[in-house]
Visitor: 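Next up is a structure, given as structure tokens.
This is a predicted model, so every value here is computed, not measured.
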Amino acid sequence: RSSAASDVYKRQQAYTAQNRLEEAVEASNIALSFLDVNLSKLPSFSKVMFELFKTKYKLRNQTCESLLELQEMTDPSNLLIMRILGLTIPPAYWTSQNLVAVIVFKMTQISVELGYSPMTGYAFSWWGITESALLNQIKSGTEFGNLGIKIAEKYDLQLQQPLFFMGWMLQNFEKPLTDSIATLEHAYEVSLEKGDNEYASYALNNLTQAKFNSSQPLDELVAGMKDTHKILKGFGYTSSQYWHDICWQTANNFYEPCDEPDMLCGKAYNENQKLTLHHKAQDNSTLFLLYFNKLLLSIFFNKENAITYANKGREFLKSGAGMYAYAAFHFYDSLALIKDIKTVPANKRKHLKRIKKNQKKLKHWAQHAPDNYLNKWQLVEAECCSLFGKIQKAMTFYADAICNAQNANLHHEQALAHELTAKFYLSLNQERLAITDIKQAYYLYRNWQAHNKVSEIEKKFINIMPNLSLIHI
């Protein structure tokens with residue numbers, strides 16, 4: 001039975017690499033059935049909650065220190081079960097968040113009961129993600145993420161996996177994005193040393209996303225993305241290529257001339273060719289990232305489709321849980337909702353409820369990671385105050401958002417804050433004040449090398465600043 005399970009599990013790995021995600025999950029279920037473990041492909045919410053409480057109960061008398069002293073797991077069947085469960089998480093993450101949760105809970109329970117295995121650091125890292133991203137226990141989540149790393153280091157296990165999860169999902173809730181970049185670089189190096197192309201691809205594509213989201217200059221970033229695409233293609237993990245190429249095309253739409261910047265149709269990625277494939281594969285995480293990036297572009301380029309992308313992104317939001325993009329989505333979603341209220345006032349009551357929920361989450365995240373989220377919360381507050389005619393409060397929040405984005409070196413978000421502040425002052429017929437913020441936004445976009453956005457700013461404000469391109473700040 002173990003031999004049969006091993007054969008099917010090898011097939012599962014091939015399916016994951018080929019982005020045949022449903023087939024990968026099905027192969028895992030077949031392999032696990034040979035080992036008397038039964039998983040539903042689509043667990044119910046009640047099943048998830050039952051396994052969550054069961055896991056909490058198993059951990060009730062444990063500390064991170066005691067878990068670091070677990071005995072070694074030696075039974076070959078149990079070791080194989082842990083390995084198959086761990087390898088099922090990537091395809092499940094793209095297709096079913098409930099299944100991911102149940103697998104994480106099972107792996108954590110088995111580790112507590114039967115001892116550490118090569119996948120235990122992986123299991124505790126994912127439990128940390130559950131605590132942090134789903135249960136909002138950010139401190140506890142980080143502790144378990146660090147535990148996963150310590151276990152891998154202590155017993156010479158798969159260190160690249162807990163390192164990757166720390167950089168991908170855990171650090172952004174407590175540390176600046178630059179810390180995530182350093183951790184993902186380390187995870188990539190360790191993956192290469194271990195010969196693990198799968199986790200090398202995950203670390204590399206998320207490293208690129210982190211660099212983009214932390215305002216690294218686009219000329220250097222876009223040039224590097226071309227090389228990264230080739231490396232990822234060599235690794236052969238299709239979903240990693242999709243995630244990277246969506247980010248690459250987003251960067252291109254800022255960097256190069258583009259008539260429809262909210263459309264991801266270019267040399268790096270073409271949504272018209274890929275969208276059907278993502279739906280067919282039920283690749284929900286890729287669909288979330290696609291609509292997140294379209295939403296981001298529509299906010300920066302002031303496109304009317306922002307609310308459409310926000311609503312589509314929300315359909316797949318659960319499939320991005322834990323990512324930096326998941327948290328940032330709540331920011332851009334609120335800006336899209338405010339924009340829609342101004343166009344369709346009848347939507348005001350409905351949209352304000354969603355904005356309130358978004359702001360509650362952003363404020364919580366900002367308390368733990370102000371460098372990443374405080375300026376976002378403040379800018380939405382400013383826009384809401386502007387909407388309700390609270391002029392003085394709006395001015396304060398706009399200034400705070402600009403200041404905190406600058407302190408965090410999130411220069412593209414600082415530029416956006418200046419741009420929205422300028423629109424606020426123009427709505428009050430305060431042209432002289434608006435010009436100061438237009439200049440600052442222009443300068444920041446230019447330094448970011450967002451040439452397409454720079455051109456848009458020049459055209460948008462030509463009536464009040466016809467010589468904007470000649471200004472040196």
Visitor: I'd like to know whether the aromatic ring centres of Tyr326 and Phe329 sit less than 6.0 Å apart in this structure.
Guide: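 No, the ring centres sit 6.0 Å or more apart.
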Visitor: With a 4.5 Å heavy-atom cut-off, do Thr286 and Leu289 have their side chains touching?
Guide: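 Side-chain contact under 4.5 Å: no.
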Visitor: In this structure, are over 12 heavy atoms from other groups packed under 6.0 Å from Lys460 atom NZ?
Guide: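 Result for NZ/Lys460: enclosed.
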Visitor: Distance-only, no hydrogens or angles: does the Asp283 side chain make a donor-acceptor pair with backbone N or O of His278 under 3.5 Å?
Guide: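 Answer holds: no.
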Visitor: When you look at Glu419 and Tyr445, which way does the side chain to side chain contact (heavy atoms under 4.5 Å, CB included) test go after all the steps?
Guide: CA-CA 10 Å; Glu419 190 177 353; Tyr445 286 130; 3.0 Å; yes
Visitor: Cationic tip of Lys453 within the cone over Phe301's six-membered ring, i.e. under 6.0 Å and within 45° of the normal?
Guide: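 Yes.
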Visitor: Go through the steps for Phe424 and Ile391 under the test side chain to side chain contact (heavy atoms under 4.5 Å, CB included), then give the verdict.
Guide: CA-CA 9 Å; Phe424 165 72; Ile391 306 304; 3.9 Å; yes
Visitor: Quick check for you: to the nearest 0.5 Å, what is the distance between Ile246 atom CD1 and Glu271 atom CD?
Guide: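 Separation between the atoms: 9.0 Å.
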Visitor: According to the interplanar angle, ranging from 0 to 90°, do the rings of Trp126 and Tyr93 count as parallel (below 30°), tilted (30 to 60°) or perpendicular (above 60°)?
Guide: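 Trp126 vs Tyr93 ring planes: tilted.
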Visitor: Any side-chain heavy atom of Lys360 within less than 4.5 Å of one from Lys357?
Guide: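 The answer is no; the side chains never approach within 4.5 Å.
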Visitor: May I ask you to decide if the ring planes of Phe397 and Trp377 are parallel, tilted or perpendicular, using 30° and 60° as cut-offs?
Guide: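 Judged by the thresholds at 30° and 60°, the geometry between Phe397 and Trp377 is perpendicular.
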Visitor: Check step by step if salt bridge (Lys or Arg N to Asp or Glu O under 4.0 Å) holds for Glu174 and Lys139.
Guide: CA-CA 8 Å; Glu174 274 206 323; Lys139 183 178 178 182; over 6 Å; no
Visitor: Check whether any side-chain heavy atom of Glu256 lies under 4.5 Å from a side-chain heavy atom of Lys267, and answer yes or no.
Guide: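 In short, these two side chains touch, coming nearer than 4.5 Å.
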Visitor: For the residue pair Asn252 and Tyr269, confirm or rule out a side-chain donor-acceptor distance under 3.5 Å.
Guide: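 Side-chain D/A pair, Asn252 to Tyr269: absent.
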